Amino acid sequence: MNFRRIAIEPVSGNLGAIIKGVDLAKLDDETFAEIHQAWLKYSVIFFRDQKLRPLQQIDFAKRFGEIHFHPYMRGLDDHPEILEIIKEPGDEYTFGAVWHTDQMFNPEPAKATMLYAHEVPTSGGDTQFSNQYLAYETLSEPMKGILENLKTFNVGDGFRRGVGKVNRKDRYASNPKMQAKIREPGNVPTESVHPLVRTHPETGRKSLYIGSHTQNLFGFNENEADTLIDFLRNHSTRPEFTCRFRWEVGSLALWDNRCVQHQALADYNERRRMHRITIAGDEPF
Ligand SMILES: O=C(O)CCC(=O)C(=O)O
Ligand SMILES: [Fe+2]
């Protein structure tokens, strides 16, 4: 596709692009169509210097599909579609600071996540993204053969692998503002079974579907599953599959959870405040 209304500046060799020449508060359908194509092509897109009120961000998000509401975190009082991600100096818990794909513990995970920066640290607090098409394509044929048709078991709280804190309130204890957003009752079940190799419903490409929520592989012994999961999590986040985004106030990122893992970097001790909207997705196949 030729891009006529937007300019594109890739941020790495394998995924991610900054889209230029666009004011997201005043978007026409033709420009949106190009943005959508760029999103499918680069898997994560970024915009700089946007000035969006909450309703304008919600309107842009709705162009990609229905809004997804987080199962156990509350959004803003006036705009429940928006979850404010906030970290204050002294907070030790950083939301999303491990490689993952959003809502993988959900039977119908959010297809996309949009993050819009309101306050950013003077340095640090970048976000990394990793291309899961490549993670799949670079596996050997015998390994692809083993992984084909495998199913993962995923949970919202890592009880066996991962963070090791089963109770959500405890997990968020060192970030009181995020802890206060946990819905009551906070301990709603968050479990899912998904294909380890999935097909993207829009691009038709296969990708690896794994992240920090993945606990087990069906049919394998625990140590077999652990070994494979460890290998795949390392492989799927190899530096050459990734890009890294430096936030500025007014930056907006939109990533495709069907083919991208991401992680927040916990390398700062200043206030950082983002407005996050997730878009509903379908059952992976
Ligand atoms: O704050 C970030 O950079 C990303 C956090 C995250 O994982 C998310 O918003 O889904
Ligand atoms: Fe995330």
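Keep in mind the model is a prediction, meaning the values are calculated, not measured. Atoms within a ligand are numbered from 1 in the order they appear, just like the ligands themselves.
Within the 4.5 Å cutoff, no side-chain heavy atoms of Leu196 are placed close to those of Lys151. A 4.5 Å side-chain heavy-atom check between Ile35 and Phe64 finds at least one atom pair inside the cut-off.
Note on ligand 1: Arg276 sits in its first shell, one or more heavy atoms being nearer than 4.0 Å. Contact between Trp255 and ligand 1 is present, with at least one heavy atom of the residue lying under 4.0 Å from the ligand.
Per-residue contacts place Asp102 under 4.0 angstrom from the following atoms of ligand 1 (heavy atoms of the residue considered): 10 (O). Those atoms of ligand 1 with a heavy atom of Phe95 less than 4.0 angstrom away are 5 (C), 6 (C), 8 (C), 9 (O). Residue Leu115 has at least one heavy-atom neighbour below 4.0 Å for each of these atoms of ligand 1: 1 (O), 2 (C), 3 (O), 4 (C), 9 (O). Counting atoms of ligand 1 from 1 in the listed order, those under 4.0 Å from a heavy atom of Thr127 are 2 (C), 3 (O). Atoms of ligand 1 lying under 4.0 Å from at least one heavy atom of His262, given by number and element, are 6 (C), 7 (O), 8 (C), 10 (O). Near Gly96, meaning under 4.0 Å from one of its heavy atoms, ligand 1 places the atoms 7 (O).
Inclusion of Thr113 in the set of residues having an N or O under 3.5 Å from an N or O of ligand 1 is not warranted. Taking only nitrogen or oxygen atoms, main chain and side chain alike, His100 reaches within less than 3.5 Å of ligand 1. At under 3.5 Å, not a single nitrogen or oxygen of Trp247, backbone or side chain, sits near a nitrogen or oxygen of ligand 1.
Nearest-residue assignment for atom 2 (C) of ligand 1 (options Arg272, Gln103, Lys87; heavy-atom criterion): Arg272.
Arg276 has a carboxylate O that lies under 4.0 Å from a charged side-chain N of Asp102, or vice versa, which qualifies the two as a salt bridge. Note on Lys177 versus Asp91: no salt bridge recorded, every NZ/NE/NH1/NH2 to OD/OE distance being 4.0 Å or above. Asp23 has no carboxylate O lying under 4.0 Å from a charged side-chain N of Lys51, or vice versa, which leaves the two without a salt bridge. Ion pair Arg272/Glu119 not flagged as a salt bridge, since none of the NZ, NE, NH1 or NH2 atoms sits closer than 4.0 Å to an Asp/Glu carboxylate oxygen.
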| request: Please assess Glu34 against Arg4 for the test salt bridge (charged side-chain N to carboxylate O under 4.0 Å, His left out), listing each intermediate value before the final yes or no. | output: CA-CA 8 Å; Glu34 292 196 5; Arg4 294 169 19 177; 5.1 Å; no

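Closest to the Fe ion (ligand 2) among the N, O or S atoms of His100 is NE2. For Asp102, the N, O or S atom closest to the Fe ion (ligand 2) goes by the atom name OD1.
Formation of a donor-acceptor pair under 3.5 Å by the Gln128 side chain with backbone atoms of Arg244 is not found in this model.
Atom CG of Asp59 sits in a crowded spot, with more than 12 heavy atoms from other residues, nucleotides or ligands closer than 6.0 Å.
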